[in-house]
Amino acid sequence: MRHPHTRPEPTPVLVKLPARAGRRRPASKNAGSGRATFWHSLHAEWIKIRTMRSTLSVILGALAFAVGLAALNGSSAGGEYADLSPADQAAFDPLATSLMGYLVAQIALGLLGGLVMTSEYGARTIVPTLTSVPQRARVLGSKALALVGVALPVGIVVSLGAFSMGQASLSGAGAPHLALSDGVALRGIFGGGLYLALAALLGLALGAVIRSTTATVTTLFGVMLIVQAFAPALPGALGDWVSKFWPPIAGGQIITAVRDPEALGPWAGLGVMAGCVAALLAVAFVVFRRRDA
């Protein structure tokens with residue numbers, strides 16, 4: 001009787017397969033991570049400020065007020081020039097006469113800068129903005145750069161339009177006037193554009209700290225107009241210091257052609273304005289990074 005033949009179990013053989021040539025490597029931290037770069041953030045902020053409903057209104061309003069005031073101021077000052085005393089005629093400043101509309105334009109562009117921040121807080125779009133770009137310094141830096149990209153050319157155009165209209169009015173009235181080729185004229189136009197860009201950045205910094213559109217506008221009026229109007233009435237050394245070093249007053253010397261010996265020079269005054277705006281922006285960066293949205 002035969003016993004049934006039992007076959008042994010086959011021993012499993014492990015075969016090591018060669019690695020595929022096209023095997024994917026782990027993605028780097030930046031590739032495919034979906035994180036927004038600074039240029040993405042800057043592009044987004046440029047679209048926001050360009051499509052904001054108030055942007056065009058602010059720009060057209062600043063231009064209209066500056067040019068209109070230049071025409072009125074030039075006609076009025078030109079008509080009165082012949083009746084001035086010799087000392088007043090020597091101190092007559094045709095550049096400042098035509099560019100006095102910067103007093104209104106600075107508020108308009110400061111408001112635009114404030115709205116770049118406060119409009120997002122009011123509509124609560126700041127939350128998705130910070131969700132997509134968690135680096136808050138990048139967000140505020142992008143807003144500042146996009147704002148300068150709008151405010152600087154607008155400021156130059158506003159200054160050029162006001163200068164042209166004001167000098168035409170002075171010329172028509174027979175008063176001294178400047179040509180566009182004069183050095184002080186070019187300094188006033190481009191310096192006026194820089195000043196208005198700084199005013200916009202001042203509004204941005206105030207908006208980042210205050211977060212309220214109404215409070216930002218009120219602060220802008222106080223800083224840029226009210227203090228300037230009441231500076232001569234302040235007592236003694238305080239009034240002298242404010243009249244010389246208050247940033248909007250010092251920065252406004254850039255649009256003057258006749259030098260006031262008790263005031264800072266044009267570029268020195270603009271430097272004071274720029275330094276104060278830079279300091280306030282630094283405060284805004286710190287507050288924006290530390291405070292909840």
Side-chain angles (χ1 to χ4, degrees), residues 49-50 52-82 84 91-116 147-203 217 220-221 223-226 228-229 248-249 251-258 266 269-270 273:
I49 192 173
R50 187 166 51 86
M52 197 165 56
R53 287 182 298 177
S54 56
T55 300
L56 184 59
S57 301
V58 168
I59 292 173
L60 293 179
L63 181 61
F65 272 106
V67 173
L69 287 176
L72 293 174
N73 206 25
S75 298
S76 175
E80 296 173 355
Y81 178 79
L84 297 176
F92 183 77
D93 192 338
L95 181 62
T97 300
S98 61
L99 295 181
M100 286 304 292
Y102 89 97
L103 292 171
V104 177
Q106 66 179 351
I107 298 296
L109 289 176
L111 171 61
L112 178 63
L115 286 172
V116 169
L147 178 62
V148 170
V150 173
L152 181 57
V154 168
I156 293 174
V157 170
V158 167
S159 299
L160 177 60
F163 173 84
S164 301
M165 179 61 70
Q167 299 309 310
S169 299
L170 289 173
S171 176
H177 56 280
L178 297 171
L180 190 60
S181 58
D182 293 331
V184 291
L186 294 177
R187 186 250 292 163
I189 292 169
F190 288 100
L194 289 172
Y195 177 90
L196 293 177
L198 289 173
L201 289 176
L202 176 63
V217 173
L220 282 171
F221 268 98
V223 169
M224 292 187 156
L225 291 180
I226 296 178
Q228 187 167 352
I249 298 176
Q253 297 302 314
I254 196 68
I255 65 163
T256 59
V258 178
L270 190 66
M273 176 74 171

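What you are looking at is a predicted structure, and each value in this text was computed from that prediction instead of being measured.
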So, for [X] and [Y], which heavy atoms are closest and what is the spacing to 0.1 Å?
{"X": "A66", "Y": "V158", "value": "CB-CG1, 3.5 Å"}
{"X": "A70", "Y": "S98", "value": "CB-O, 3.2 Å"}
{"X": "L84", "Y": "F92", "value": "CD1-CD1, 4.4 Å"}
{"X": "A175", "Y": "G78", "value": "CB-CA, 3.7 Å"}
{"X": "A151", "Y": "A200", "value": "CB-CB, 3.7 Å"}
{"X": "L170", "Y": "G74", "value": "CD2-O, 3.4 Å"}

Would you say [X] and [Y] make side-chain contact, with heavy atoms under 4.5 Å?
{"X": "I59", "Y": "V157", "answer": "no"}
{"X": "T97", "Y": "Y81", "answer": "no"}
{"X": "L95", "Y": "L178", "answer": "yes"}
{"X": "Q106", "Y": "L220", "answer": "no"}
{"X": "M224", "Y": "I107", "answer": "yes"}
{"X": "M52", "Y": "L112", "answer": "yes"}
{"X": "R187", "Y": "I254", "answer": "yes"}

If I take atom [atom1] from residue [X] and atom [atom2] from residue [Y], how far apart are they, to the nearest 0.5 angstrom?
{"X": "L160", "Y": "L186", "atom1": "CG", "atom2": "CG", "result": "9.5 Å"}
{"X": "Y195", "Y": "L109", "atom1": "OH", "atom2": "CG", "result": "11.0 Å"}
{"X": "Y102", "Y": "L69", "atom1": "OH", "atom2": "CG", "result": "12.5 Å"}
{"X": "L201", "Y": "L196", "atom1": "CG", "atom2": "CG", "result": "11.5 Å"}
{"X": "M273", "Y": "L202", "atom1": "CE", "atom2": "CG", "result": "5.5 Å"}

Please confirm whether the backbone N or O of [Y] pairs with a side-chain atom of [X], one donor and one acceptor, at under 3.5 Å?
{"X": "T55", "Y": "I49", "result": "yes"}
{"X": "S169", "Y": "M165", "result": "yes"}
{"X": "D93", "Y": "V258", "result": "yes"}

CZ of F190: more than 12 outside heavy atoms within 6.0 angstrom? no
